[in-house]
Amino acid sequence: MWGGRFAGGPSAIMGAINASIGFDRKMWRQDIRGSLAHAAMLAHVGVISAQDEAAIRDGLNAIAAEIEAGTFQFREDLEDIHFNVEARLTERVGEAGKRLHTGRSRNDQVALDVRLWVRDAIDGLDAQVADVMRALVARAAEHADTVMPGFTHLQPAQPTTFGHHLLAYVEMLSRDRGRMADARRRMNESPLGAAALCGTGFPIDRHMTAAALGFDGPTRNSLDSVASRDFAIEFLSACAICATNLSRFAEEIVIWTNPYFNFVKLSDAFTTGSSIMPQKRNPDAAELVRAKPGRITGALVGLLTVMKGLPLTYGKDMQEDKEGLFDAAENLALALAATAGMVRDMRPVTDRLESAAGAGFSTATDLADWLVRELKFPFRDAHHVTGRLVAAAEGRGVDLSALTIEEMRAVEPRIHPGVFDVLSVGASVRSRTSYGGTAPANVAAMAREWEERLA
Ligand code: ARG
């Protein structure tokens, strides 16, 4: 492919470190798509003949069929997907194949292929995130009034509902979709035609190839076009954030399925056993989703590090963008699929959630708020009095609602039996009607709203 000025061949080590075909073959669809658009444009502007274009088109389509069928011979000595496809094309269609690379370089070709690959990955991941959201929304609608403990510091804080908790993740995931969409919008420009780095003297039509490949237009600077991978970094950053969000949910599933918690059950479909301990049910899928940010954030940091300090324009360093990129997208897809599966599979243990929701003096804030409303306490004083009531209950080893009115009056004489109305878990969640609050009616309405948005 470039042997003209070379007398000897590369050493085996040179071949091994140089080749990317082992991983960039994943971009074969994008490579062929780009070449088809390039050839059509070359014929349109008269750089190649219509017959050559037809031969190239047939040849590329036949190669696509070979790869699809698994009969294509990928050759490491041909370095990468671009050379592999081009060499096979010339093998199949002769002279015409040798004309395909006019007015283009592997530098703009690879920049194009990676962009197309990332764009396809974004579209696939976006559909998967939407699927997880739909699963969460359906469970949230089902459990809008299933009470459970709300935590801060993983300590019992205030009662909430299972539905409200799930909808928190819906919000996070919707921002993940927004980040993916932003990245897609910014990256949707075609670098094809930047050629090696300075553009070309051939009368190519970059607007035509950009439109044919679904881009908003061509990139505006040829040097930037071949030198930049910030679109991939941005995508990886969106992947890392999404994976991080999923990992928090996964960790909660690990906690919730622990028998000491027993908040939810996963079926056999999403648990594994132990080879030695017959009683075990391990939430392996959740643990693996919890672990995925390791490699996904690793890919982000990896590419940032590859690109840091790299002078313009293309450097072979940039070939190192791909493995992490592919791995991150594939593993995020797996994590999303596993999360959707677990959401649909899990069964909340509602009586256990309810009793846990009332434990740990979780309605203490409701009591303090009652003192403010009923007895006109300033909130700070109400907080203090409630703290003393919690201490009294704790001393007796009972919940707040089990204190007698006399015991309460020993702390604050003006307390009357109306206080008991606010100490139940149900009353607590029902009272939190502020916009975005945990009241079951709010949660049901928000679940409906999401159902419509995701329909
Ligand atoms: N395999 C290369 C990569 O992934 C393609 C571009 C090679 N360009 C070059 N001038 N050597 O970056």
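All residue numbers in this chain count up from 1 along the given sequence. As the structure lists them, so they are numbered: ligands from 1, and atoms in each ligand from 1. Quantities reported herein were computed from a predicted structural model and do not represent experimental measurements.
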Q: According to ring-ring contact (aromatic ring centres under 6.0 Å, His included), who are the partners of F270, at least two apart in sequence or on a separate chain?
A: none
Q: Does the Lys NZ or Arg CZ of R119 fall within the cation-pi geometry relative to F231 - under 6.0 Å from the ring centre and within 45° of the axis?
A: no
Q: List, for ligand 1, each N/O atom that has a protein N/O partner under 3.5 Å away, with both atom names and the distance.
A:
{"unit_1": "ligand 1", "atom_1": "1 (N)", "unit_2": "S20", "atom_2": "OG", "d": "3.2"}
{"unit_1": "ligand 1", "atom_1": "1 (N)", "unit_2": "D80", "atom_2": "OD2", "d": "2.9"}
{"unit_1": "ligand 1", "atom_1": "1 (N)", "unit_2": "Q319", "atom_2": "OE1", "d": "2.7"}
{"unit_1": "ligand 1", "atom_1": "4 (O)", "unit_2": "K322", "atom_2": "NZ", "d": "2.5"}
{"unit_1": "ligand 1", "atom_1": "8 (N)", "unit_2": "N107", "atom_2": "OD1", "d": "3.0"}
{"unit_1": "ligand 1", "atom_1": "10 (N)", "unit_2": "N107", "atom_2": "OD1", "d": "3.0"}
{"unit_1": "ligand 1", "atom_1": "11 (N)", "unit_2": "R106", "atom_2": "NH2", "d": "3.3"}
{"unit_1": "ligand 1", "atom_1": "12 (O)", "unit_2": "Y314", "atom_2": "OH", "d": "2.4"}

Q: Is the W256 ring parallel, tilted or perpendicular to the H165 ring (thresholds 30°, 60°)?
A: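 Perpendicular, since the angle between the ring planes exceeds 60°.
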Q: Name all pairs fulfilling the side-chain hydrogen bond (donor to acceptor under 3.5 Å, both in side chains) condition that reach into residues 441-455, sequence neighbours left out, sorted by first residue then second.
A: E171-W450
Q: List, one per line, each side-chain donor-acceptor pair under 3.5 Å for residues 328-335, sequence neighbours excluded.
A:
{"unit_1": "E330", "atom_1": "OE2", "unit_2": "K26", "atom_2": "NZ", "d": "3.4"}
{"unit_1": "N331", "atom_1": "OD1", "unit_2": "K292", "atom_2": "NZ", "d": "2.7"}
{"unit_1": "N331", "atom_1": "ND2", "unit_2": "D327", "atom_2": "O", "d": "2.8"}
{"unit_1": "N331", "atom_1": "ND2", "unit_2": "D327", "atom_2": "OD1", "d": "3.1"}
{"unit_1": "N331", "atom_1": "ND2", "unit_2": "D327", "atom_2": "OD2", "d": "3.4"}

Q: Using the rule given for side chain to side chain donor-acceptor pair (under 3.5 Å), can you reason through D205 versus H44, listing the C-alpha separation, both sets of side-chain angles and the distance that settles it, and then say yes or no?
A: CA-CA 9 Å; D205 185 346; H44 182 79; 5.3 Å; no
